[in-house]
Structures are given as C-alpha cells and as structure tokens.
**Q** 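Following this message is one structure expressed as structure tokens.
Lettering of chains follows the sequences in order, A, B, ..., and the numbering in each one begins at 1. These numbers were taken from a predicted model, which means no experiment stands behind them.
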Amino acid sequence: MIDLNLLREDPESIRDSQRLRGEDPGLVDQALDADARRRSALAEFETARAEQKSLGKQVAQASADERPALLAQTKQLAEQVKAFQADSNAAAAELDEVLAQIQNVVEGAPPGGEDDYIVVKHVGQARDFAAEGFEPADHLAIGERLGAIDTARGAKVSGSRFYYLTGVGARLELALLNAAMDTALAAGFNPVITPTLVKPEIMAGTGFLGRHADEIYHLGTDDLYLVGTSEVALAGFHSDEIVDLSDGPLRYAGWSACYRREAGSHGKDVRGIIRVHQFHKVEMFSYTRVADAADEHRRLLELEEKMLALVDLPYRVIDTAAGDLGSSAARKFDCEAWLPTQQRYLELTSTSNCTTYQARRLGVRERVDSGPTQTVATLNGTLGTTRWIVAILENHQQADGSVRVPEGLRPYLGGLEVLEPVR
RNA sequence: GGAGACGUCGCAUAGUCUGGUCUAGUGCGCCACCCUGCUAAGGUGGUAACGGGGCAACCCGUUCGAGGGUUCGAAUCCCUCCGUCUCCGCCA
C-alpha cells in the first residue's frame, strides 16, 4: 500500500510512477477523491458519536423525571450515529479498494516494459562447446543420465511440471541450499524454516493477490494459500509489530518449498525442471529503515553474486524496467545465468526493494527516538533454488556425459568432484 | 473428534456474575525530573496503537482476540469465528 501522506502531498509523484509502469495514473485522482469523502464522512460520524457519548453520561446521572426526555433525544441520535458510521465505513472501504490497485512508487528503475531492462554487467565467460568439440546436452538429458532428475515419474504421480530429484540430484539440491544457507548465515542472516501455508491477509499484504492471483494455489476448504516463496511468510513474521532496528536491519534467510500454478505459461519451458509447480528455495529477507533500504538492496545483490561465484556460473545482472516490476517492488535486480543449450539467459535470482509498500499493509513499524512510529522497508532476494541445478548441469557438463562439481559445492557433497553417468 | 477453562493498555493482573461513577484500576518494567559522596533505596510525574481536526498547547474518535447482535449506552449480555491451555479419544 502506498503512503497516504505522499498521496495527499505529492500526488504527481505517484501519477508519474504509475505512468512509468504503464499503469493508470487516474487511480491517484480516484484515491484523492475517495480520501476526501472518507474524511468528511468520518468527521460527521465522530461529531455525532461524541455527542452521543456525552448524552449517555447525562442519562446515567439523570433523575427518574428527566430520564424519559433524554432517552427520546438520545434514541434519535443513536440512529444518526449508525447511519453516519455506515457512510464513513463505506467511504473507507472505497478508498481501500482504490489504494489496493495503486502499485508501489518506482525508485530508479529504467522506464519501459519487459524487454527494456538495463544490463548492469556480465560476469564470467560462457563456454565455447564448439571449440571443445562436443554438442552440449540439455539439463534434462544430463540429469537423466546421472539418475538425478525423473520428470516422467513426476508427471505420472503429480502431473506435468512435477519431477523427482533422485540420487545425486537430491544431493545436489541439498548441497546448493545448504551452501546458500551458510552464505546467508555468514552474512548475519537468521536462518528460518517457514510455514508454506498462509492466511489470506498475509498473502494480500505481500502484494501477491493482485493481478497475478491466479498464479497462487488456494486451499478452499481451509482458506489458506500455498506460498510461492518464503518471502510471504517472512514478511508476515513481523506483521502488526513494532520492531527494533536500532542495531541495524533484521535479516532472515528462509528455507521453504515454493508452489506456483504457472497459469498462463502453457507451452513455455515445458521440458525439464526450469518451470515447475514446486521447488525449494533459500530466500533472504530484510527489514530496514527507509533510509537504509537502497544500501541493503546492494548488499542482497552482492550476496547473490557470491553464490553464483561459488557455483562458478557465467551470468549477467539486469536492472528490471518499471513496467516489469511486481506491484510491491520499487526496484528489482535479477541475476541470469547463461544457458548454453538455449543460447539465452535464465533467471536464477531476483532481489526486490519493496520500500514501505509491504510493511505498510502488514503493519510493520519501528519506533524512532521515542517519537511516532514509522513504517519500515522490506527487501528480498534469492540465494538458491532448485532451478540452479539446470544451469549447473549444463554449464559444467563434460564430453563424456559426466558433470564437474564446482569447487564451492564440493564440501557440501562429501568432496565429490565429478557426477558420473549411471547409464 | 469430544469436554472444559481462558483471551483486558510492554509483562502480570483487577474489572465481566449485578451494563452507565471505566476518561479501563493496580503492580512490575520503562522514561523524565527531584532527593542523593557513588550505587541502592525513596519521591513526583509520565508511560499504547491507529485515525480525524488544529500553527500550536491540545481536542475528538476507534480499538478490552476478531466479527456480528441486543441496548439510549457493552470490557461487561447474546451469537459466530479465531487462538491458547487442560483433560479424553484417535493417529502419523
């Protein structure tokens, strides 16, 4: 949710942001109008209510003679109060509805849509398989040879976009996620294993129930949502709390399964485990002061790059364009690894600065110098996911069908240096 | 799944039976000041969030787990839901 004070004091900045995103700037004026009507309705209600309370006190002290007249008066007032309250509630609901549609105010992201990202940098060198004299196999072919990935049985048991990680595949995922957890731990993050089912208000608070609500699994019987990332549970962790950031940001590293319906992606990335309904992820999540958010964002990006270096992948960093940002994000950097068999980059990490957008909805505040409370900023970033296996297998494959284990992962695989084919 | 108890201002608790004097009391903690060789003890005052109005001091409203109802008036009565605890049953 955007800041109401900003809306009142500088609506043009929000209109600008909406335009940058390719969203409707007219929502800002609808919100201003609804806000004005809510305030006048509220004033009416509060005046009437104050009168009702003072009359109520007189009733209590009145003598038996005076009482009937007072009661008649106050009875009438009670009806008015009820009506005013209904008006006020309706206006507030209207404002909420408009506010919910306004996305976070963009902060520094380049203008344009999905293809208008800016490449911040390239790191590492893509291998020249032609020069090495062999045709690279794709991750599924490699994974099947290693006995690491089984999509056929995944489909048999759970349907398309499900898979089993077996043998060295299972070990590889655990190794990767443990390495991610250790990286986070070393950087001062508090490790957390989160719930993966959350209540509607938490899912809504993180901004995932907007336009892309059909991406999310919902359990109707219990009215719970399956999270698409532990970001949701970590954002909810301090909801409705006044946190203490005087010793610096609160930093968490969440480990969880993630569930995505992948509605609307039919026919896209259907082979292998690039785009799946369920995977595991280690996610960084920070609560910071507003002024510290941009610095923290850089720090999260650095940690992501550290993990990419650890598994020795060539990648690029992109600064996502405003039109391609999620509704909660003010700015977002993705790290994309090179995928040799598809001659393209594949998103492995994504770090967003959500400024106060999520925290405002979720009621996460801090106390500054015994003054009033202030909404904090929230940020998130990926440190490792099942998908990384795709890039690792493809980039480190060898001519004989084996896969070199990047040195950084060897300690997590009992020193294993090469994954050998089993068939 | 069954039975019961409970959910009050950071924590602990009073208030609920018998609706209005609750502008929610008290203790602890915390903050400021006073007293004071230092510390401890003591004294005085303050001590929620959110929203509305005002240049401001301040005023007003909402919130006693959540929502609804009864009533002129609800922490207090009624209903529904959520949560916690205890016991019983069942089961990874």
**Q** Tell me the interatomic distance from Asp240(A), atom CG, to rA66(B), atom P, rounded to whole angstroms.
**A**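 The distance from CG of Asp240(A) to P of rA66(B) comes to 11 Å, rounded to the nearest Å.
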**Q** Using heavy-atom distances to pick each residue's nearest nucleotide on RNA chain B, tell me which of Phe45(A) and Gln76(A) is more 5'.
**A**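 Whichever sits nearer the 5' end wins; that is Phe45(A).
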**Q** Which nucleotide, if any, forms a Watson-Crick or G-U wobble pair with rC33(B), using both distances under 3.5 Å?
**A**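 With both distances under 3.5 Å, rC33(B) matches rG43(B).
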**Q** Within the structure provided, determine whether Val364(A) and Thr378(A) are in side-chain contact (heavy-atom separation under 4.5 Å).
**A**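 No - every pair of side-chain heavy atoms lies 4.5 Å or more apart.
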**Q** Just the rounded figure in Å: distance from P of rC82(B) to CD of Glu201(A).
**A**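 So the two atoms are 13 Å apart, to the nearest Å.
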**Q** Mind checking who rC17(B) pairs with, Watson-Crick or G-U wobble, both distances under 3.5 Å?
**A**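 With both distances under 3.5 Å required, rC17(B) matches none.
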**Q** More than 12 heavy atoms of other residues, nucleotides or ligands under 6.0 Å from CZ of Arg153(A): is that the case?
**A**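 Incorrect, the count does not exceed 12.
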**Q** Please say which of Val403(A), Leu419(A), Ile149(A) ends up in a side chain to side chain contact (heavy atoms under 4.5 Å, CB included) with Ile142(A).
**A**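 Answer to the side chain to side chain contact (heavy atoms under 4.5 Å, CB included) test with Ile142(A) among Val403(A), Leu419(A), Ile149(A): Val403(A).
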**Q** Using the P atoms only, state how far rU76(B) lies from rU8(B), rounded to an integer number of Å.
**A**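 Going atom to atom, P in each nucleotide, I get 14 Å.
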**Q** Which nucleotide in the list rG52(B), rU62(B), rG73(B) gets nearest to the side chain of Arg49(A)?
**A**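 Nearest nucleotide to the side chain: rU62(B).
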**Q** Give one of base, sugar-phosphate or nothing for Arg360(A), where a contact means two heavy atoms less than 4.0 Å apart.
**A**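 Counting heavy atoms under 4.0 Å across all strands, no contact is made by Arg360(A).
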**Q** Can you figure out which of rC72(B), rG61(B), rG52(B) approaches the side chain of Arg8(A) most closely?
**A**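 From the listed options, rG52(B) comes nearest.
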**Q** Rounding to an integer number of Å, can you tell me how far Lys75(A) NZ sits from rU70(B) C1'?
**A**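 Lys75(A) atom NZ is separated from rU70(B) atom C1' by 12 Å.
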**Q** Between rC22(B) and rC38(B), how far apart are the two P atoms, rounded to whole Å?
**A**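 42 Å, rounded to whole Å.
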**Q** Return no unless some side-chain N or O of Lys199(A) is found under 4.0 Å from OP1 or OP2 of rC81(B).
**A**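 For Lys199(A), the contact criterion (side-chain N or O under 4.0 Å from OP1 or OP2 of rC81(B)) is not met.
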**Q** Take Tyr315(A) and Glu305(A) through the test side-chain hydrogen bond (donor to acceptor under 3.5 Å, both in side chains) and record every step on the way to the result.
**A** CA-CA 9 Å; Tyr315(A) 66 95; Glu305(A) 294 196 57; 2.6 Å; yes
**Q** Would you indicate whether Gln76(A), at its atom CD, is surrounded by more than 12 heavy atoms from other residues, nucleotides or ligands within a distance under 6.0 Å?
**A**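 12 or below, so no.
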**Q** Testing the basics here: between Ile216(A) and Phe208(A), what is the closest heavy-atom pair and its distance to 0.1 Å?
**A**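 Nearest pair, atom of Ile216(A) first, then Phe208(A): CD1-O, 3.1 Å.
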**Q** Please report, rounded to the nearest Å, how far the C1' atom of rA66(B) is from the CG atom of Asp223(A).
**A**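 Roughly 15 Å, once rounded to whole Å.
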**Q** Please tell me which of the listed nucleotides, rG61(B), rG51(B), rA49(B), lies nearest to the side chain of Arg38(A)?
**A**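 Closest nucleotide among those given: rG51(B).
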**Q** Which nucleotide, if any, forms a Watson-Crick or G-U wobble pair with rA3(B), using both distances under 3.5 Å?
**A**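 WC or wobble partner is rU86(B).
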**Q** Starting at the 5' end of RNA chain B, which residue's closest nucleotide do you reach first, Thr74(A) or Leu4(A)?
**A**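 Final value for this comparison: Leu4(A).
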**Q** How far, in whole Å, is rA74(B) from rC88(B) if one measures between their C1' atoms?
**A**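 About 36 Å, rounded to a whole number of Å.
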**Q** Look at atom CD of Glu407(A) and say whether more than 12 heavy atoms of other residues, nucleotides or ligands are closer to it than 6.0 Å.
**A**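 For Glu407(A), atom CD is not crowded (no more than 12 foreign heavy atoms under 6.0 Å).
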**Q** Using the side-chain heavy atoms of Ala50(A), tell me which of these nucleotides is nearest: rC60(B), rA49(B), rG51(B).
**A**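 Selected nucleotide (nearest to the side chain): rC60(B).
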**Q** Can you check the Lys53(A) NZ to rG73(B) C1' distance for me, whole Å?
**A**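 Nearest whole value for this atom pair: 11 Å.
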**Q** Can you tell me, in whole Å, how much space there is between the P of rU62(B) and that of rA3(B)?
**A**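 Rounded to whole Å, the distance is 38 Å.
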**Q** According to the Watson-Crick and G-U wobble definitions, with both distances under 3.5 Å, which nucleotide is paired to rC91(B)?
**A**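 Pairing partner: none.
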**Q** Counting side-chain heavy atoms from C-beta on, which of rG61(B), rC50(B), rG51(B) comes nearest to Arg365(A)?
**A**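 The closest nucleotide is rC50(B).
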**Q** Which value, in whole Å, describes the distance between the P atoms of nucleotides rA12(B) and rC17(B)?
**A**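 The same atom, P, in both gives a distance of 24 Å.
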**Q** Just by distance, no angles: are the side chains of Glu394(A) and Thr341(A) close enough, under 3.5 Å, to form a donor-acceptor pair?
**A**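 There is such a pair (donor and acceptor under 3.5 Å, judged by atom type) between the side chains of Glu394(A) and Thr341(A).
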**Q** Mind calculating the distance between CG (Leu55(A)) and C1' (rG61(B)) to the nearest angstrom?
**A**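 Rounding to the nearest Å, CG of Leu55(A) and C1' of rG61(B) are 16 Å apart.
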**Q** Can you tell me how far P of rC60(B) sits from CZ of Arg39(A), to the nearest Å?
**A**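 Atom-to-atom, Arg39(A) to rC60(B), this comes out as 21 Å.
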**Q** Using only heavy-atom distances, decide whether a donor-acceptor pair under 3.5 angstrom links the side-chain of Glu46(A) to the base of rG53(B).
**A**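 Donor-acceptor pair under 3.5 Å: no.
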**Q** Can you tell me the pairing partner of rA48(B) across any strand shown, Watson-Crick or G-U wobble, with both distances under 3.5 angstrom?
**A**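 Base partner found: rU63(B).
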**Q** Considering every strand shown, what is the Watson-Crick or G-U wobble mate of rU71(B) when both distances are under 3.5 Å?
**A**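 Its partner is none (no Watson-Crick or G-U wobble pair with both distances under 3.5 Å).
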**Q** Given the C1' atoms of rC6(B) and rG65(B), what is the spacing between them in whole Å?
**A**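 rC6(B) and rG65(B) have their C1' atoms separated by 11 Å.
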**Q** Distance check, P atoms only: rC11(B) and rU21(B), in whole angstrom units.
**A**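 26 Å, rounded to whole Å.
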**Q** With a 3.5 angstrom cut-off on both distances, give the Watson-Crick or G-U wobble partner of rG10(B), or none if there isn't one.
**A**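 When the pairing criteria are applied, rC28(B) turns out to be the nucleotide that pairs with rG10(B).
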**Q** To the nearest angstrom, how far is Phe84(A) atom CZ from rU62(B) atom P?
**A**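 Distance check: Phe84(A) CZ to rU62(B) P gives 15 Å.
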**Q** Expressed in whole Å, how much space separates the C1' atoms belonging to rU70(B) and rC79(B)?
**A**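 My reading of the C1' atoms in rU70(B) and rC79(B) gives 11 Å.
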**Q** With both distances under 3.5 angstrom, what nucleotide forms a Watson-Crick or G-U wobble pair with rU76(B)?
**A**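 None - no nucleotide pairs with rU76(B), as no candidate has both distances under 3.5 Å.
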**Q** Would you say Arg367(A) places a side-chain N or O within less than 4.0 Å of OP1 or OP2 belonging to rU47(B)?
**A**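 Checking rU47(B) against Arg367(A), no side-chain N or O comes under 4.0 Å of OP1 or OP2.
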**Q** Can you figure out which of rA49(B), rC72(B), rG52(B) approaches the side chain of Ile242(A) most closely?
**A**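 Between rA49(B), rC72(B), rG52(B), the one nearest the side chain of Ile242(A) would be rA49(B).
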**Q** Is Gln73(A) touching bases, backbone alone, or none of the nucleic acid, heavy atoms closer than 4.0 Å?
**A**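 Nothing, no heavy atom under 4.0 Å.
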